[in-house]
Each structure stands twice: as structure tokens, then as C-alpha cells.
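Taking it in order: structure first as C-alpha cells, then the write-up.
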There are 2 protein chains.
Amino acid sequence: MTSVSTEPRDTDGPRPATAPTGGSAAQRERRRRILDATITLAAEGGFDAVQMRAVAEQAEVALGTLYRYFPSKIHLLVSALAREFTKDVDRSAVRATPGDTAHERIMYVLNRRTRALQKQPKLTEALVRAFMFADQSVTGEIHEVGTSLTTVIARAMHGTPDHGEVTEEEAAIIRIISDVWLSALISWVTGRMDEKDVEKSIDVAVRLLLR
Amino acid sequence: MTSVSTEPRDTDGPRPATAPTGGSAAQRERRRRILDATITLAAEGGFDAVQMRAVAEQAEVALGTLYRYFPSKIHLLVSALAREFTKDVDRSAVRATPGDTAHERIMYVLNRRTRALQKQPKLTEALVRAFMFADQSVTGEIHEVGTSLTTVIARAMHGTPDHGEVTEEEAAIIRIISDVWLSALISWVTGRMDEKDVEKSIDVAVRLLLR
DNA sequence: GACTGATGTAGAACGTGTTACAAGTCTAGA
DNA sequence: TCTAGACTTGTAACACGTTCTACATCAGTC
């Protein structure tokens, strides 16, 4: 019952607060309210509940303003996802990941994140769907998410907050793990896997890749 | 610019030709026309071009009839994907896959399929998007696609059309390869990877998993 | 051949993402 | 302070997936 644009929008000049930083204080504040509203609505009712009119109303901005900040529902949701993920990365930088082996540490990190997502199934559904539906025009936001995940896994692999250099092979392994994780998440969101399946499929992948 | 329902529809009794077989000849014929129209429109203009009114018109059925056969745009597209994939499986059953090692054979099979998809980027975009957006109500069709891919990879692994028993570990490896392939395909469809990247990422995954 | 229920048709109607527009408001620079 | 231009607002309109309704057609049964 929801509409989603898959066409890139025309870029008629710079938009005011596309980036998290920059713009006036009022603009950063509006941007924050919009993302907060998005997360709230998504957490309550998932993808379908994030209706542009509802977001605008709850964030107390006009619909046109909402579209000025985020050119589509997908951009909006992916930006929200990026913000949530970035918070998580910041947290992981603080201390070393527990676990004696790379396998244990990676599973610790991914399971923690997976469980956090599973605690808010509606929110996760909305964000994953948006992520999947995103096209070229959302590359920037998506890349931010990907980088943040890579960073977290790399840190877990080495067990230290400063993850130093990552070898070619390690980078490849991390990419594969991310793929498996994403794929499992999709299956979970779409009801084709349960929580156990998700953990197990990642565990198997990590085991096969780190041997 | 397109609308997509993510809500399961109420199932008010059996529908006439949900399955490829069954129903009268006229019904099987209608179903074929609908899927043909879907593929044609998708090949021309991608996901957005598969508009339910347009499909109905081109297939020469009423809109209501279209919805009787396929309860949503997603079902329609995933069913179309399933039909195309199944064709491919049938083909792979005919002869042994060329290649001296499992790695070579798997790459041969996946690359052939990848290139086939890349020859019709719009079509692929439409099908992958639908696949990603599908929810529980499409589990059946999705499972069909997954099984067909697994079968093809299993055959390639062993190098024989009859792929005999697959060990637990082999099944796990196949799942991971599928995940990587899907993930790469998503990246390609959404413009975040080019053809080379897709092949390379699968190649790396297969190498790391089969060592 | 007439009846009946399932199936198909044509078209209107509704919801939500997206766009357009006219008018108000705020900010920087003169 | 005044003004130009950017930014916001409120609201209407449009597109397309989806649903609904009234009627036509067809297959099987008597």
C-alpha cells in the first residue's frame, strides 16, 4: 500500500541539509526531528507506517520541506539506517571486543548487532527494505553503512579498537561475511528464517572462512 | 513512482491458476500471457515499467483478472523470475558442466547466469527488486528460485548432472556462495558494482570456501 | 435448452509517494 | 532598516498499486 520511487530525482541545485552537518542550527534541528520521526514510525509499524505525510506531521515540517531534506522515502530510511549504524560504530571504538579468537569476537559483534535489530523487528524491516530498494542515488548513504559494518568486523577480527591494516584476504573475508549477514537479515525480515537460523548461518560462514 | 504492497493479502479461497499447472487450458494460456507481458515490460523499462494496468492490457486480461492470478505486483514478478530460473535449471540437467575443478565449474555456471542477467539489465533490476521486496506471502515462489540455484551449483560442484548427495558442509558452502551472488547482484542492479566486480567477488568467495 | 456458480470484464474509487504552486518567513548584505 | 533570495508552509494535484462493484460469459448439471 506504499509507494516507492526508483527513479533518481533531478538535482536542481544543492539541498539545504542533506549532510548531517552543515546548514543552520534550525536546519540541523529539523533534520534531526525528521529522522527521529522516521525511526519512531518505523519502529511502530515498519516500512508501510513510514508515510511521508505522517513523518512530516510528526516532525512538524511541511511535506515539501521533508522532500527538500530527503528526496524520497528510500533516502529518508537509508539515512535513518546510516545514523543508527554510525552510533554503533562509535560505541565499538571505545573498548576491545571480548572473545579469545577472531571467530568468537566476530560472532560476538554480529550477534550483538543482530539481536539489537531483532528487538525492533518493525524498524529493521523498514530499514532493510529501504536498503534493498535503494538505487544509485542513494550510493552515498549506503556506502556509509557498508563502511561502518566493515570497520566493526575488522576491529573484531583483530580484537583491538584500532584495526590497523587489513590484508586483501581479510578484506575479502569481511565482505563475504557482510554479504551472508545481509542475506540472512533479508531472510529474517521477510519471514523465511528465524533468529536461530540467522546466527547459525553466520556462524557457519565465519567458521568456513576463518579456517 | 511505483506502489508496492508489503501487506499479506487475505486469502479468500483458492485462486484459479496460481500454480503453473492446473486450471483449464484457457487459464494456463492466460497465465502464460500475463507472465510474458511481465517479462516484456520488465525487459524494456525495469521495475517501474511493470505497471499492473499495462501488464493487464498487454496480456489482454482485465485488471481484476490479473489480480486474481497474481495477488500483487511482487508475486507477479517473483513468479516470472521463478519461471525464467526454472528454464535454466532444466538446461543444466542435460549435460555435464565444463571445467576441471569444482571452482572452475561453479564459476562457469554462475558467470554464465550472471552474464545472461546482465544482458537484460532492466529485466534483472525488476526481478531482483521484487525478490528483495517479497514478504512471507511469497515464500513459495522464492523457495523455488532458491532451490533451483542450489541445484545448479551442486551439480557444478560435482561436475555431473545427477548431483547425488550433498554433505552438510557442501550445502553450507553453496548457501554462502548463493548469498554472495545475490548480494553482488543487488550491488550491480543498484549501480554500486560493475560486471567485473560481480565476477571477482564471486570468484574470491568460491576460492576462499573451496580451499 | 435453462439454471447456477465460478470466472472474466470494464471501470470507478481509494491510499500513499511524489510533484507543483502560491504565499509567508527568515537571513545576509546594502 | 530595507530588500533580494533562499527556505518553509499549506494545500492541491497526479501516478500507480490495489480494491470494489456491477455486469457478462462460460462450464457443468438437470
Side-chain angles (χ1 to χ4, degrees), chain A residues 1-18 22-31 33-34 38 41 45-57 59-77 126 129-130 133 135 137, chain B residues 1-18 22-31 33-34 38 41 45-57 59-77 126 129-130 133 135 137:
Chain A
M1 210 65 92
T2 302
S3 290
V4 164
S5 168
T6 60
E7 300 294 343
R9 306 193 62 238
D10 54 352
T11 56
D12 55 341
R15 272 170 266 97
T18 297
S24 67
Q27 285 175 333
R28 261 176 285 122
E29 174 62 15
R30 265 190 213 98
R31 187 187 149 92
R33 284 207 312 274
I34 291 172
T38 302
L41 288 169
F47 189 91
D48 283 351
V50 181
Q51 300 184 356
M52 300 305 267
R53 290 171 181 83
V55 172
E57 186 178 0
E60 300 185 284
V61 298
L63 189 54
T65 304
L66 172 53
Y67 272 95
R68 179 181 277 274
Y69 281 69
F70 301 96
S72 77
K73 174 168 174 172
I74 297 298
H75 281 80
L76 174 58
L77 279 167
R129 280 235 153 90
F133 222 78
D135 62 15
S137 66
Chain B
M1 208 69 89
T2 303
S3 288
V4 164
S5 168
T6 60
E7 300 295 343
R9 306 193 61 239
D10 54 352
T11 57
D12 54 343
R15 272 169 267 98
T18 298
S24 68
Q27 285 176 334
R28 260 176 284 121
E29 174 62 15
R30 265 190 214 99
R31 188 187 149 92
R33 284 207 312 275
I34 291 172
T38 303
L41 288 169
F47 189 91
D48 283 350
V50 181
Q51 300 183 358
M52 300 305 268
R53 290 171 182 85
V55 172
E57 186 178 0
E60 299 185 285
V61 297
L63 189 54
T65 305
L66 172 53
Y67 272 95
R68 181 183 277 272
Y69 281 68
F70 300 96
S72 76
K73 175 169 173 170
I74 296 298
H75 281 81
L76 175 58
L77 279 167
R129 280 237 154 88
F133 221 77
D135 62 15
S137 67

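So that the names make sense, note that chain A is the first sequence line, chain B the second, and so on, each numbered from 1. Atom set for the values below is all heavy atoms of this structure, side chains included, hydrogens, waters and symmetry mates excluded.
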- Query: Of the nucleotides D/dT9, C/dT19, C/dT9, which one has an atom closest to the side chain of A/Y67?
  - Reply: C/dT19
- Which part of the nucleic acid, if any, lies within contact of A/E60, taking any heavy atom under 4.0 Å across all strands shown: a base, the sugar-phosphate backbone alone, or nothing? sugar-phosphate
- Message: Given C/dT16, D/dT8, C/dT18, identify the nucleotide with an atom nearest to the side chain of A/M52.
- Response: C/dT18
- A/Q27 side chain near D/dT8 phosphate (N/O to OP1/OP2, under 4.0 Å): yes
- Message: Please report the distance, rounded to the nearest Å, between CZ in B/R28 and P in C/dG8.
- Response: 13 Å
- Could you please name the option among C/dT9, D/dT19, D/dT8 that lies closest to any side-chain atom of B/L63? D/dT19
- What is the distance from CD of B/E57 to C1' of C/dT9, rounded to the nearest Å? 14 Å
- Item | Nearest atoms (heavy-atom pairs only) where A/R129 meets B/D135 | NH2-CB, 3.5 Å
- Task: Report the distance from atom CZ of B/F70 to atom P of D/dT19, rounded to the nearest whole Å.
- Result: 16 Å
- Item | A/Q51 CD to C/dG17 C1', straight-line distance once rounded to whole Å | 10 Å
- Task: Give the minimum heavy-atom separation between A/E60 and A/R33, together with the two atoms involved.
- Result: O-NH2, 3.5 Å
- Task: Please check if atom CD in B/E29 has more than 12 non-hydrogen atoms from other residues, nucleotides or ligands closer than 6.0 Å.
- Result: yes
- Item | DNA chain C: 5'-proximal contact among A/R53 and A/A26 (nearest heavy atom) | A/R53
- Task: Using whole Å, report how far CG of B/L76 lies from C1' of D/dT18.
- Result: 13 Å
- Message: Can you tell me if B/Y69 touches the phosphate of C/dG8, counting only side-chain N or O atoms and a distance under 4.0 Å to OP1 or OP2?
- Response: yes
- Starting from C1' on C/dG17, measure out to CG on A/L77 and report it in whole angstrom. 12 Å
- Using whole Å, report how far CZ of A/R33 lies from C1' of D/dT8. 11 Å
- Item | Nucleotide of C/dG17, D/dT19, D/dT8 approaching A/R68 most closely (side-chain heavy atoms) | D/dT8
- Given the side-chain rings of B/F133 and B/F47, with only the six-membered ring counted for Trp, is the space between their centroids under 6.0 Å? no
- Please give, in whole Å, the distance from C/dG8 P to B/L66 CG? 12 Å
- Run the side chain to side chain contact (heavy atoms under 4.5 Å, CB included) check on A/L76 and A/M52 step by step: do they pass? CA-CA 9 Å; A/L76 174 58; A/M52 300 305 267; 4.0 Å; yes
